[in-house]
Amino acid sequence: MENVESSIQRATEFLKSQLSELPQTVVILGSGFAGWVKKLDVEKVIPYSSIPGFPITTIKGHDGNLIVARLASKLVLVMQGRFHFYEGHSLDVISIPLRVFAGLGVRSLIVTNAAGSINHSFKPGDLMLITDHINHSLRYPTFLNGMQSPGLTPYSLRMQGEARRIAEEEELKIHDGTYIFTTGPSYETPAEIKAMRILGADAVGMSTVPEILSAAHCGMEIVAVSMISNYGSGIKDGTLDHQEVMDTMKSIQDRVDRFLMKLTTSTLS
Ligand code: HPA
């Protein structure tokens, strides 16, 4: 396999040649947030497959494009589609886009995702501002072991304040919560959801934490927001499926789009 450092270098050089100016902010779009792209002033769509050194997504329903958009007269990059451990990507590979963005001068990162609720008072359609996380992958050592020092958090307190203020403006329910990252690909059993609650988690998902660790390592200011898309297994009767995730999020799409637009604008100077 190609050396990760050389992938990063090739992707960075390619993107520099493609961009009219350097971007300040990157937004990673998770399931359900994807519709936001329609509201953007899109300058260019760069398929991941055309970026030398970039990984490619393999999931149905997740496009793989880097969108170059203009917002408040600044350039913003949007990841439409992301890379998951359960697709077979190593943590090193998942870190490539973030490290490329850092090389382009990106300073702020907004991460979104869909997550299952663990906390009984979190309902589908609520937002959860990630104020901390539990890396429950426990399967592979990360190059960032030991990064987290006592008292330090990768989650920007300033941007958390902005997110709370904007959610209130848009009448969106937003909870503070701890996100637990699992490698997937299977959803949890009811017993696992119960165990995760005892560990201190409020919502569960299969992305975000590898991205946060990479971006924090690069010194970015980070905010991460989950959309609660379903009850965690065993919290309510019924099975979990992808359609359930999609239907829930459609109903609040417009307000969520405005939330994301304002939050992104708040990072631009
Ligand atoms: N579990 C794991 N990942 C998820 C879930 C879930 O319930 N919902 C969305 N992503």
Side-chain angles (χ1 to χ4, degrees), residues 1-19 22-23 25-38 40 42-69 75-106 109-115 135 137 139-140 142-144 181-187 205-215 217-218 220 222 224 227 229 242 245-246 249 260:
M1 201 182 79
E2 192 191 356
N3 173 293
V4 167
E5 298 307 323
S6 102
S7 298
I8 290 167
Q9 199 175 352
R10 290 195 305 136
T12 309
E13 272 161 26
F14 174 80
L15 288 175
K16 272 187 183 157
S17 77
Q18 295 292 306
L19 300 171
L22 293 180
T25 297
V26 168
V27 181
I28 304 181
L29 284 182
S31 321
F33 290 87
W36 183 56
V37 168
K38 293 195 206 91
L40 287 173
V42 174
E43 230 167 60
K44 201 175 217 174
V45 176
I46 307 175
Y48 294 154
S49 57
S50 75
I51 308 174
F54 232 61
I56 48 170
T57 54
T58 60
I59 309 178
K60 198 174 136 233
H62 288 245
D63 296 324
N65 296 309
L66 188 62
I67 296 184
V68 184
L75 213 60
V76 168
L77 297 181
V78 180
M79 279 187 82
Q80 186 182 42
R82 55 148 57 96
F83 307 104
H84 300 84
F85 185 80
Y86 64 75
E87 293 173 84
H89 299 301
S90 68
L91 190 71
D92 267 356
V93 167
I94 298 172
S95 79
I96 291 174
L98 284 310
R99 296 168 71 192
V100 169
F101 301 146
L104 295 174
V106 166
L109 176 70
I110 297 173
V111 186
T112 63
N113 64 44
N135 183 348
S137 56
R139 272 202 198 156
Y140 52 91
T142 85
F143 56 87
L144 295 171
F181 163 63
T182 72
T183 56
S186 45
Y187 276 16
M206 304 174 196
S207 68
T208 300
V209 168
E211 298 154 353
I212 299 286
L213 294 177
S214 310
H217 194 61
C218 296
M220 289 186 201
I222 300 166
M227 166 77 65
S229 54
H242 200 60
V245 174
M246 291 305 172
M249 291 191 280
L260 212 44

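FYI, the numbering just counts along the sequence from 1.
- Listed by chain and number, the residues in a side-chain hydrogen bond (donor to acceptor under 3.5 Å, both in side chains) with T208 are N113 (sequence neighbours excluded).
- Side-chain contact between V78 and V26 is absent, with no heavy-atom pair separated by less than 4.5 Å.
- Proximity of I67 to V37: side-chain heavy atoms (C-beta onward) are separated by under 4.5 Å at one or more points.
- For A215, the side chain to side chain contact (heavy atoms under 4.5 Å, CB included) test picks out L98, L109, M220, I222, with sequence neighbours left out.
- For the side chain to side chain contact (heavy atoms under 4.5 Å, CB included) with P210, the qualifying choice from T183, I94, V93 is I94, the only one to do so.
- Ring geometry for H89 against F83 counts as perpendicular: the plane angle is over 60°, on a 0 to 90° scale with 30° as the lower cut.
- T112 approaches I28 most closely through the heavy-atom pair OG1-O, 2.7 Å.
- Using a 4.5 Å cut-off on side-chain heavy atoms (C-beta onward), E13 and K16 make no contact.
- Listed by chain and number, the residues in a salt bridge (Lys or Arg N to Asp or Glu O under 4.0 Å) with E43 are R70 (sequence neighbours excluded).
- When all heavy atoms are compared, the tightest approach of E87 to H84 is OE2-N, 2.7 Å.
- Looking at heavy atoms from C-beta onward, L104 lies in side-chain contact with L15 at the 4.5 angstrom threshold.
- Contact annotation: the side chain of L260 approaches that of F33 to within less than 4.5 Å [non-hydrogen atoms, C-beta and beyond].
- Nearest heavy-atom pair, M206 versus G184, reported as atom, atom and distance to 0.1 Å: SD-CA, 3.6 Å.
- Inter-residue side-chain proximity for L66 and M79 is flagged as met; some heavy-atom pair is nearer than 4.5 Å.
- Smallest separation of non-hydrogen atoms from S7 and G53: CB-O, 3.4 Å.
- In this structure, F14 has its ring center no closer than 6.0 Å to that of F54.
- Of all non-hydrogen atoms in S207 and R82, the two that sit nearest each other are OG-NH1, 3.3 Å.
- Partners of E5 under the side chain to side chain contact (heavy atoms under 4.5 Å, CB included) rule, at least two apart in sequence or in another chain, are N3, I8, R99.
- The side-chain heavy atoms of L77 and P23, taken from C-beta on, include a pair separated by under 4.5 Å.
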(Q) Run the side-chain contact (heavy atoms from CB on, under 4.5 Å) test on T12 and F101 for me, step by step, so that the C-alpha distance in whole Å, both residues' side-chain angles and the decisive distance to 0.1 Å come before the verdict. (A) CA-CA 7 Å; T12 309; F101 301 146; over 6 Å; no
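- K44 meets the side-chain hydrogen bond (donor to acceptor under 3.5 Å, both in side chains) test with Q18; sequence neighbours excluded.
- Among residues two or more places apart in sequence or in another chain, the side-chain hydrogen bond (donor to acceptor under 3.5 Å, both in side chains) test is passed with T182 by none.
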Q.
side-chain contact (heavy atoms from CB on, under 4.5 Å), that's the test. Do N135 and L213 meet it? Break it down for me.
A. CA-CA 10 Å; N135 183 348; L213 294 177; 3.9 Å; yes
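- When all heavy atoms are compared, the tightest approach of P47 to N65 is CA-OD1, 3.3 Å.
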